[in-house]
Amino acid sequence: MSELSLYIGNIGLVLSQLGNKLQNQSVSGQPLKIHSQVKQAMDNFSMHF
């Protein structure tokens with residue numbers, strides 16, 4: 001597997017996790033905490049690189 005494929009896979013993983021968290025919040029009726037969720041996703045993203 002090339003480095004590029006690995007990076008793209010990691011980007012997809014982080015975005016998927018972000019989407020799942022936001023979807024769970026919206027279904028539960030909680031106010032969306034988009035800023036903190038995006039910050040956490042970016043932190044996770046930067047750990048992969």
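Excluded from the calculations below are hydrogen atoms, water molecules and symmetry mates; all remaining heavy atoms, backbone and side chain alike, are included. One is the number of the first residue; the rest follow in order along the sequence. These figures come from a predicted structure and were not determined experimentally.
From K21, atom NZ reaches atom OG of S26 across 14.5 Å, with rounding to the nearest 0.5 Å. Taken from CD1 in I11 to CG in L6, the straight-line distance is 10.0 Å, to the nearest 0.5 Å. The structure places CD1 of I8 at 7.5 Å from OG of S2, a figure rounded to the nearest 0.5 Å.
Taking each heavy atom of I34 and L22 in turn, the nearest pair found is CG1-CD2, 4.1 Å.
A donor-acceptor contact shorter than 3.5 Å is absent between the side chain of S16 and the backbone of G12.
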